[in-house]
Amino acid sequence: MTFADLLDAVRALGVDALAGFDRDALIAAGVDPARVRALAGVHEVYFGPTRFRAQQRLGVEAARAGGHSLDKLVLIERYMANIDDAAARWRVRRELLSVRGSHAALRRAAQQAAPAPERPAGPDRVRVSRTRGGKRSLTVVGSQRRMADLEHALMGRAPGVGPAGEEMYDALWELLDPAGDADAGAGAGAGGVAAAVPRPLLLIPLASWVRIMRGEGDDTVLGLSDATTMTGAEFLNQVVATGAFELEAALFHPQEGAVNLYRTARFANQKQRDLARAVTPVCPVPGCRHGAEACEIHHIQTWKHGGETNLANLVPVCRYHNRINDDDQPVTGRSNGRGRIDTAHGRPTWVSPRGYPAKNPHHAHFGAMEQLFGTDPPPG
C-alpha cells in the first residue's frame with residue numbers, strides 16, 4: 001500500500017463503515033480495546049436503537065455530507081458526554097456535523113458548543129509526588145484568596161531577572177526557612193522547615209561499604225526509609241562528615257526476616273519500628289510512593305484476630321492503605337475488594353483480592369531482605 005492508498009482508505013472510513021460493526025472481530029484483529037470502545041459508541045449513536053429516529057437519520061446524512069472521518073465522529077461523541085439531555089445532544093451533534101475543516105477546527109467548535117462542566121476543586125490539600133530524576137513536586141490546593149496571597153508574597157521576593165517559576169521556588173524556601181539552607185532544606189530558625197534526617201540502611205555487601213569509606217562511593221546508591229536515595233559520596237558528606245554518624249546493625253534471617261518480640265504489647269516499640277522499616281523502606285502496595293518513615297506500623301495478622309506484635313507480623317504501610325487493607329479476609333474468607341498485606345520469606349507483599357501476590361517496584365529493592373539475600377528468596 002502506498003501513502004496515496006492510505007489517504008484514500010482514511011477518507012473512505014466514514015460513518016457507513018460502522019454499519020456492520022463487530023466489536024469482537026475488531027479486537028481479534030488487534031485493534032486497541034480503547035479504540036474499539038470509542039467506535040462502539042459512535043455505532044450506537046448512528047445505527048443503534050433510539051427514540052430519536054428522525055434525528056438519527058438526519059445525523060447519518062449530515063455525517064455523510066460532511067465527509068467526516070471516524071476520528072471526527074469519535075471526537076464529537078467525546079464532547080456529547082458533557083450534555084445530559086438526549087434531545088440537546090442531537091441538536092448540538094448536528095450543529096457540529098455541519099462544521100467543515102480540520103480536526104482542530106472541529107475540536108474548537110465542540111469546546112464552545114459542549115464545554116466540559118467545571119470540576120469541583122475538592123478539599124484543601126497538599127500532595128507530594130514520587131521521586132523522578134531526583135526531584136519531587138509539591139501541589140497545594142486552597143482557596144483562591146490564600147493562593148493569591150502566597151503568589152503575591154513569592155513574587156514580591158523574586159528578583160525578577162530570571163524565569164518566574166524558578167525564582168518563586170527560591171522565594172518559597174526563603175519564606176518557609178529564613179534561617180536555613182534552601183538547597184539542603186535544613187531549617188535552623190524559628191518557623192523553619194526541619195530536615196528529614198536521612199538514615200541510610202547499611203544493608204549492602206561489605207565490599208560496597210569499604211568503597212564508601214574509601215571515598216569511592218559515587219556509583220553506590222543507598223536507599224533511605226523516606227523513599228529517597230543518596231550516593232555513597234553524599235552519605236559521607238552529609239552524615240559521616242557531620243559527626244552525628246552512628247552505625248546501627250540488625251540481624252536478619254534469610255527466610256524469616258528480622259528477629260521477634262512476642263505478644264506483650266499492641267504497639268510496636270522503636271526498635272521494632274526501625275527493623276520493620278529496614279525490611280521494607282516503602283509501603284509495599286504496588287505503585288505507592290510513601291516511604292517507611294511516613295508510614296504506620298501495620299499488623300499483618302490483626303491484633304483483633306490474635307496477631308502478635310513481633311517483627312514477622314509487622315510492616316510499615318501508608319495511612320491510606322492501612323485503612324483499606326482487608327484485615328478480615330484471612331479469617332472470614334470474604335474480600336472487601338481492596339487487597340491485603342501478607343509476607344513471604346520475610347518479604348512483605350501485597351496480595352490482590354483474587355489472591356495474587358505483587359510487589360511494589362518503587363524503591364522496594366533497597367529493603368534489607370533484597371539487599372542481603374537478593375530478589376529471590378534462598379531455599380529453606
Side-chain angles (χ1 to χ4, degrees), residues 15 32-46 48 50-52 55-56 58-59 62-63 66 68-132 135-158 163-169 171-172 175-176 285 287-290 318-321 323-324 337-338:
V15 65
D32 183 352
R35 174 72 170 167
V36 174
R37 287 193 297 271
L39 293 175
V42 176
H43 169 264
E44 183 70 17
V45 168
Y46 293 98
T50 177
R51 60 190 178 94
F52 298 97
Q55 292 291 338
Q56 186 183 61
L58 293 173
H68 292 298
S69 66
L70 292 181
D71 284 341
K72 284 187 175 183
L73 298 179
V74 167
L75 175 65
I76 290 174
E77 294 313 308
R78 187 181 307 151
Y79 282 90
M80 292 305 96
N82 299 332
I83 303 175
D84 295 329
D85 182 70
R89 281 200 297 273
W90 272 111
R91 177 180 57 79
V92 176
R93 182 181 289 119
R94 290 185 57 195
E95 176 185 332
L96 294 176
L97 287 171
S98 67
V99 174
R100 300 294 185 267
S102 66
H103 194 276
L106 179 60
R107 181 187 295 109
R108 289 192 294 269
Q111 289 170 343
Q112 293 181 354
E118 185 175 355
R119 298 175 61 183
D124 296 351
R125 62 193 182 276
V126 173
R127 180 182 293 116
V128 182
S129 75
R130 69 177 57 189
T131 301
R132 291 185 178 88
K135 295 187 177 183
R136 293 181 178 180
S137 63
L138 175 72
T139 303
V140 182
V141 177
S143 70
Q144 59 177 344
R145 183 68 265 155
R146 299 193 76 173
M147 294 301 102
D149 292 342
L150 178 59
E151 182 182 13
H152 177 74
L154 297 179
M155 291 300 293
R157 291 171 174 264
E166 296 176 10
E167 292 187 348
M168 289 173 69
Y169 173 83
L172 176 63
L175 188 65
L176 294 175
V285 178
C288 186
R289 67 163 185 83
H290 289 288
C318 77
R319 183 169 63 176
Y320 172 74
H321 289 120
R323 298 297 185 274
I324 67 170
R338 307 305 293 270

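Quick note: residue numbers are just sequence positions, from 1.
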Query - Inter-residue atom distance H290.NE2 - H321.NE2, 0.5 Å rounding - result: 8.0 Å
Query raised in the report: Rounded to the nearest 0.5 Å, what separation is found between the CG atom of L73 and the CZ atom of R78?
Result: 12.0 Å
**Report entry** CG on L96 to NZ on K72, rounded to 0.5 Å
**Finding:** 11.5 Å
Report task. Give a yes-or-no answer on whether the side chains of S129 and R136 include a donor-acceptor pair shorter than 3.5 Å. Result -> no
Query - Nearest-0.5 Å distance that lies between atom CZ in R89 and atom CG in N82 - result: 10.5 Å
**Report entry** Audit row: R35, L70, side chain to side chain contact (heavy atoms under 4.5 Å, CB included) steps and yes/no
**Finding:** CA-CA 11 Å; R35 174 72 170 167; L70 292 181; 4.2 Å; yes
Query raised in the report: In terms of heavy-atom contacts, does CZ of R100 have more than 12 from other residues, nucleotides or ligands at under 6.0 Å?
Result: yes
Query raised in the report: Is it true that a side-chain atom of Q56 and a backbone atom of W90 form a donor plus acceptor pair closer than 3.5 Å?
Result: no
Query raised in the report: So with a 6.0 Å cut-off around CE of M155, is the heavy-atom count from everything else above 12?
Result: no
Query raised in the report: Between R130 and C288, which heavy-atom pair has the shortest distance, and what is it?
Result: NH2-N, 4.1 Å
**Report entry** Under 3.5 Å: donor-acceptor pair, side chain of R289, backbone of V128
**Finding:** yes
Query raised in the report: Out of curiosity, M168 CE to L175 CG, how far, rounded to the nearest 0.5 Å?
Result: 11.0 Å
Requested in this report: Taking all heavy atoms of P123 and all of V141, pick out the closest pair and write down the distance.
Outcome: O-CG1, 4.1 Å
Report summary line: When every non-hydrogen atom of L97 is compared with those of G59, the smallest separation belongs to CD1-O, 3.5 Å
Query raised in the report: Does a side-chain N-to-carboxylate-O contact under 4.0 Å join E77 and R93?
Result: yes
Requested in this report: Let me see the working for D124 and V140 under side chain to side chain contact (heavy atoms under 4.5 Å, CB included), right down to the final yes or no.
Outcome: CA-CA 8 Å; D124 296 351; V140 182; over 6 Å; no
Requested in this report: Compare all side-chain heavy atoms of V15 with those of H68 and state whether any distance is below 4.5 angstrom.
Outcome: no
Report task. Determine whether more than 12 heavy atoms belonging to other residues, nucleotides or ligands lie under 6.0 Å from atom CG of D84. Result -> no
Query raised in the report: What distance separates F52 CZ from L58 CG, expressed to the nearest 0.5 Å?
Result: 13.0 Å
Report task. Locate the shortest heavy-atom distance separating G142 from M147; write the atom from each residue and the value. Result -> O-CG, 3.9 Å
Query raised in the report: Is a side-chain N or O of R145 found less than 3.5 angstrom from the main chain of S143, in a donor-acceptor match?
Result: no
Query raised in the report: How about R127: does its CZ atom have over 12 heavy atoms from other parts shown lying under 6.0 Å from it?
Result: no
Query - Heavy-atom pair of closest approach, residues R157 and A171 - result: CB-CB, 3.6 Å
Report summary line: Here the pair of heavy atoms bringing A88 nearest to I83 is CB-CG2, 3.8 Å
